[in-house]
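All values derive from a computational prediction rather than experimental measurement.
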Amino acid sequence: MKLIALLIGIYAERFLARWSHLREFRPFEEQANRLAEKALGLDARAAPCIIAGMTLACAVPVGIVAWLLSDSSLEILWFVFAVAVLLASFGPRDLKAEALDYHQKAEAGDSDGAKAQAELLLGGSAPEDSAEQAAAVERATYQEANNRIFGVVFWFLVAGSLGPAFAFGFRALNSLRRYTATLEGGEALHRAAVMLHGLAAWVPARITSASFALAGNFDDAINAWRDTRANNQSNLSGGSNAVLGAVGAQALGARQDRVRGAVALVERSLFFVWGPIVAVAVILGWVY
């Protein structure tokens, strides 16, 4: 049942891309920023507790509903609820559409439009140089694939009947990481959100990197992974992003249309690596 819910959620997310703006949770962003602004007067050391509390406030209600529906007699209701939560947890926007939109604008010579699209994907300023800009978008595609897709799938699978709560909690934590980055005077909260998100994303990022290697140029990707580890990345989030970016770039190989190729690599990893592995894990009873 969980595998079917996951497959429906992934495919439905693609077909419903035109309504992906509904997953941006603008009301949540506004309320989170208001609450964060009120919390700024507290000791900066309380920032991790504040971020953890806000994440739990999002995940716990979902967990309660999932637990109430976990009885075998309510399995169909749990299934419907799980699909709905997955659709809300992927995103906030369609990664494929964003990356390909950048690619099309860059190919058409629309430098202003490409830069604006790059900033949307990067969540901040983008390089002016077109080559550096494309490289940044390529790296962001690999990194955001973990934040928007693979991390959600991982936590949904490993948490049993409470998978919807963990998936939604991961999405909420990723949103807090993004939102607090633009919060004036919210440096402590942003650092806390980055730290907690780094913890939650560490394992999915390594599995995602391995899937990139399996779906692309394996030897080059593994060598890039070793080189990245040799740099001793101490920051959890920075280390994960470095691994994802380096492994993805080398797994892609010498392809010229790098951003389009990055999208294709992410899709191959999802459908041809994660898909079969998850199916086998469910069949063998390793994932419930």
To the closest 0.5 Å, what do you measure between CZ (F154) and CG (N146)?
10.0 Å
Checking S269 now: which residues fulfil side chain to side chain contact (heavy atoms under 4.5 Å, CB included) with it, not counting sequence neighbours?
F150, S211, F212, A215, L265
Could you note down all residue pairs passing salt bridge (charged side-chain N to carboxylate O under 4.0 Å, His left out) where residues 237-248 supplies at least one of them, sequence neighbours left out?
none
Any residue meeting side chain to side chain donor-acceptor pair (under 3.5 Å) with D71, in chain and number order, not counting sequence neighbours
S73
For T180 and A193, the nearest pair of non-hydrogen atoms, with its separation, is OG1-CB, 3.9 Å
Show the numbers, then the answer: is there a side chain to side chain contact (heavy atoms under 4.5 Å, CB included) between F90 and V153?
CA-CA 9 Å; F90 291 130; V153 172; 3.9 Å; yes
State, to 0.1 Å, how close L86 and A5 come at their nearest heavy-atom pair, and which atoms those are.
CD1-O, 3.7 Å
Output, in order, the C-alpha distance, side-chain angles, deciding distance and verdict of side chain to side chain contact (heavy atoms under 4.5 Å, CB included) for Q117 and E98.
CA-CA 7 Å; Q117 188 65 26; E98 279 191 322; 3.6 Å; yes
Between the CD1 atom in I51 and the CG atom in L189, the distance rounded to the nearest 0.5 Å is 5.0 Å
Can you name the salt bridge (charged side-chain N to carboxylate O under 4.0 Å, His left out) partners of E119, sequence neighbours left out?
K115
Is D110 reaching over with its side chain to a backbone N or O of G113, donor-acceptor style, under 3.5 angstrom?
yes
Ignoring hydrogens, what is the shortest heavy-atom contact between L244 and S209? Give both atom names and the distance.
CD2-OG, 3.4 Å
Kindly write out the residues that satisfy side chain to side chain contact (heavy atoms under 4.5 Å, CB included) with E132, not counting sequence neighbours, or none if the list is empty.
P127, D129
Side-chain donor-acceptor pair under 3.5 Å between E138 and Y142, yes or no?
yes
For E144, check salt bridge (charged side-chain N to carboxylate O under 4.0 Å, His left out) against everything at least two apart and list the hits.
R148, R177, R178
Results of salt bridge (charged side-chain N to carboxylate O under 4.0 Å, His left out) for K105 - residues two or more places apart only
D101
Inter-residue atom distance F156.CZ - S89.OG, 0.5 Å rounding
9.0 Å
Could you list the donor-acceptor pairs under 3.5 angstrom formed by side chains in residues 195-206, with sequence neighbours left out?
residue: H197; atom: NE2; partner: N147; partner atom: OD1; Å: 3.3
residue: H197; atom: NE2; partner: N174; partner atom: OD1; Å: 3.4
residue: R206; atom: NH1; partner: S240; partner atom: OG; Å: 2.5

Applying a strict under-4.5 Å side-chain criterion to I, L, V, M, F, W and Y, I'd like to know whether Y179 and L122 cluster together.
no
Which atom pair, heavy atoms only, marks the closest approach of A224 to A246?
CB-O, 3.8 Å
Sequence neighbours excluded, every pair satisfying ring pair (Phe, Tyr, Trp, His ring centres under 6.0 Å) that has a member inside residues 58-82
none
Should L120 and V137 be regarded as members of a common hydrophobic cluster, given that ILVMFWY residues are connected when their side-chain heavy atoms come within less than 4.5 Å of each other, either directly or indirectly?
no
In the hydrophobic clustering that connects Ile, Leu, Val, Met, Phe, Trp and Tyr at side-chain heavy-atom distances below 4.5 Å, which members other than V263 occupy its cluster, ordered by chain and number?
L100
In one Ile/Leu/Val/Met/Phe/Trp/Tyr side-chain cluster, 4.5 Å: L74, L68:
yes
If you measure from CG on L214 to CZ on F272, what distance do you get to the nearest 0.5 Å?
13.5 Å
Flag yes if F168 and L77 sit in one hydrophobic cluster, no otherwise; membership is Ile, Leu, Val, Met, Phe, Trp, Tyr, and two members link when side-chain heavy atoms are under 4.5 Å apart.
yes
Nearest 0.5 angstrom please: L157 CG to I277 CD1, how far?
11.5 Å
By side chain to side chain contact (heavy atoms under 4.5 Å, CB included) - contacts of D220 (at least two apart)
N217, Q250
Among residues at least two apart in sequence or on other chains, which ones pass side chain to side chain contact (heavy atoms under 4.5 Å, CB included) with A264?
R255, R268
Is the closest side-chain heavy-atom distance between V259 and Y102 below 4.5 Å?
yes
Calculate, to the nearest 0.5 Å, the distance between atoms OG and CG belonging to S70 and L162 respectively.
7.5 Å
